Peer 1: 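Just passing along the structure, written as C-alpha cells.
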There are 2 protein chains.
Amino acid sequence: MLKQETLSKNQKIILDYIEKVNEPTKAYSILHNVQKKGIKAPLQVYRALDRLVEIGKIHKIESRNAFVACKNSSCQLSKATAFSICESCEEVSEISDNKLSKYLKSFQDKAGMKFKKYNLEFFGLCKKCSIK
Amino acid sequence: MLKQETLSKNQKIILDYIEKVNEPTKAYSILHNVQKKGIKAPLQVYRALDRLVEIGKIHKIESRNAFVACKNSSCQLSKATAFSICESCEEVSEISDNKLSKYLKSFQDKAGMKFKKYNLEFFGLCKKCSIK
DNA sequence: TATTTAATGTTATATTATTACATAGTGTTA
DNA sequence: TAACACTATGTAATAATATAACATTAAATA
Ligand SMILES: [Zn+2]
Ligand SMILES: [Zn+2]
Ligand SMILES: [Zn+2]
Ligand SMILES: [Zn+2]
C-alpha cells in the first residue's frame, strides 16, 4: 500500500511556497511567508516539512538546514538524493545522474551494512561564480 | 604552505575529548564534558570545532549535527567524506573506500560545476541492529 | 456508529549556533 | 624595542533551528 498522495491543507500551503521560491528555503523563512495563510507556529511548518520529506516532495539540504522542492519525480520517496551547492552564491541544484545513483544504490559497505538511503552533497563554485 | 599543525589549548582539549568518546558527539555535550578543563562557553567549543573540521581532524555529520574524529588520516583536509549511519543505534563509521572516493572526486556535473568537496551519508541498519 | 488514525492548534521549551566586543598572546618587521 | 598583524581567548547576549506536551478536530475504516 502506497503512502497517501493527497496533501493536507498545511502541507499544500507549505509545498506551494517551497515550489514557488525555487531555491533552498529555511523553516522560519517559510513560517514568516505563510503566516498570511493562517500558519502561526513553527510546529505547523516542521510537521508539514517532515511529511513532505517523507513522501519525497521536498528534500532537506542537511549542510544548510534548508529545504528544496524535488526536481526529480520524487526521488523514490527521498531515499537517494544528491545535490550540488555553490559555496559562493549558495545556489543548489538537484543532481539527476543515472550512473551516479546506480553506483551509490549498489554500494556495498565493507562492514556488511545494508543501506536503505543516502544523501550526497557536492560543494564548489557554480559557473557564474567561477568566472567572477 | 600547509595550514598550521600545532593545536591551541582549547583545540587540543576538544579534540582529545572527541577522540576519547569515539562516537558522534554534539557541541553542547562536548561543552558539558570539558567544563572541568576550563571551557565555559559554547563559542569556545564552536571555534575549536570549526578549526578542527578545517584541518581535517574531525568531521561533522551533517544529518545529526554531531562531530566525529577522522579515522582516515585526515581526509585530505575534510574535502572528501563518506559515512554510514545506523538509523537504529545511531552508530556512525567513516567509509574508507578508494574506488568510491575516486569516483566521487572525478564526478563531473552536467552544468559544468567544478567541485572541491563532497560529503556523503549512507543510512541503514548496522549488522547488530539488522539481526534484532 | 464506534473506533482509530492523521492532522491541527497552541504554548512553552530545548537545542544548535552566531554576533559583538574586549583582551591577551605570538610572531614579524621597521 | 615599538608597531603591526595575526591568531586565539573570554564573556555576555541573542539568534536560529527544532521538539515536547497536551488539547482538539477531521478523515478514514470497520
Ligand atoms: Zn528529488
Ligand atoms: Zn554560485
Ligand atoms: Zn576523515
Ligand atoms: Zn545499529
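Just so you know, these numbers use all the heavy atoms, side chains as well, and skip hydrogens, waters and symmetry mates. Here the structure is a predicted model, which means the values were calculated and not measured. Lettering follows sequence order; numbering is per chain, from 1.
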Peer 1: Could you run down the sub-3.5 Å N/O contacts of the protein with nucleotides 19-25 of chain C?
Peer 2:
none

Peer 1: Do any of residues 13-39 of chain B sit with a heavy atom less than 4.0 Å from DNA chain C, and if so which?
Peer 2: B:Lys26, B:Tyr28
Peer 1: Is a side-chain donor or acceptor of B:Gln44 paired with a backbone partner of B:Ala41 at a separation under 3.5 angstrom?
Peer 2: yes
Peer 1: Just to confirm, is there a sub-4.0 Å distance from OP1 or OP2 of D:dA18 to any side-chain nitrogen or oxygen of A:Asn65?
Peer 2: yes
Peer 1: Within the pair A:Lys60 and D:dA18, is there a side-chain N or O less than 4.0 Å away from OP1 or OP2?
Peer 2: yes
Peer 1: Which residues pass the ring pair (Phe, Tyr, Trp, His ring centres under 6.0 Å) test with B:Tyr17, sequence neighbours left out?
Peer 2: none
Peer 1: Excluding sequence neighbours, so at least two apart, what forms side chain to side chain donor-acceptor pair (under 3.5 Å) with B:Ser93?
Peer 2: B:Ser84
Peer 1: Compute whether any side-chain donor of one residue and acceptor of the other, for B:Asn33 and B:Lys20, lie under 3.5 angstrom apart.
Peer 2: no
Peer 1: For A:Lys40 and C:dT10, is the shortest distance between a side-chain N/O and OP1 or OP2 below 4.0 Å?
Peer 2: yes
Peer 1: How would you list, by chain and number, every residue that makes a side chain to side chain contact (heavy atoms under 4.5 Å, CB included) with B:Arg47, sequence neighbours excluded?
Peer 2: B:Leu43
Peer 1: Run the side chain to side chain contact (heavy atoms under 4.5 Å, CB included) test against B:Glu87 and tell me which residues pass, sequence neighbours left out.
Peer 2: A:Lys116, A:Lys117, B:Arg64, B:Phe123
Peer 1: Restricting to side chain to side chain donor-acceptor pair (under 3.5 Å), what partner residues turn up for B:Ser29, sequence neighbours left out?
Peer 2: none
Peer 1: Considering residues at least two apart in sequence or located in another chain, which fulfil the side chain to side chain donor-acceptor pair (under 3.5 Å) criterion with A:Glu91?
Peer 2: none
Peer 1: In degrees rounded to 10°, what angle is found between the helical axes fit to the five outermost pairs at each end of the helix from C:dT1-D:dA30 to C:dA30-D:dT1?
Peer 2: 30°
Peer 1: How would you list, by chain and number, every residue that makes a side chain to side chain donor-acceptor pair (under 3.5 Å) with B:Glu121, sequence neighbours excluded?
Peer 2: B:Ser63, B:Asn119
Peer 1: With a 4.0 Å limit, can you tell me whether B:Gln44 has a side-chain N or O closer than that to the phosphate oxygens OP1/OP2 of D:dG10?
Peer 2: yes
Peer 1: For A:Tyr46 and C:dG9, give me the distance from atom OH to atom C1', rounded to whole Å.
Peer 2: 18 Å
Peer 1: Excluding sequence neighbours, so at least two apart, what forms side chain to side chain contact (heavy atoms under 4.5 Å, CB included) with B:Lys99?
Peer 2: A:Tyr103, B:Asp97
Peer 1: Using a cut-off of less than 4.0 Å, is there contact between a side-chain N or O of A:Ser8 and OP1 or OP2 of C:dA6?
Peer 2: no
Peer 1: B:Ser96: which residues meet the side chain to side chain contact (heavy atoms under 4.5 Å, CB included) condition with it, sequence neighbours left out?
Peer 2: B:Asn72
Peer 1: Between atom CG in A:Leu7 and atom C1' in C:dA6, what is the gap in whole Å?
Peer 2: 13 Å
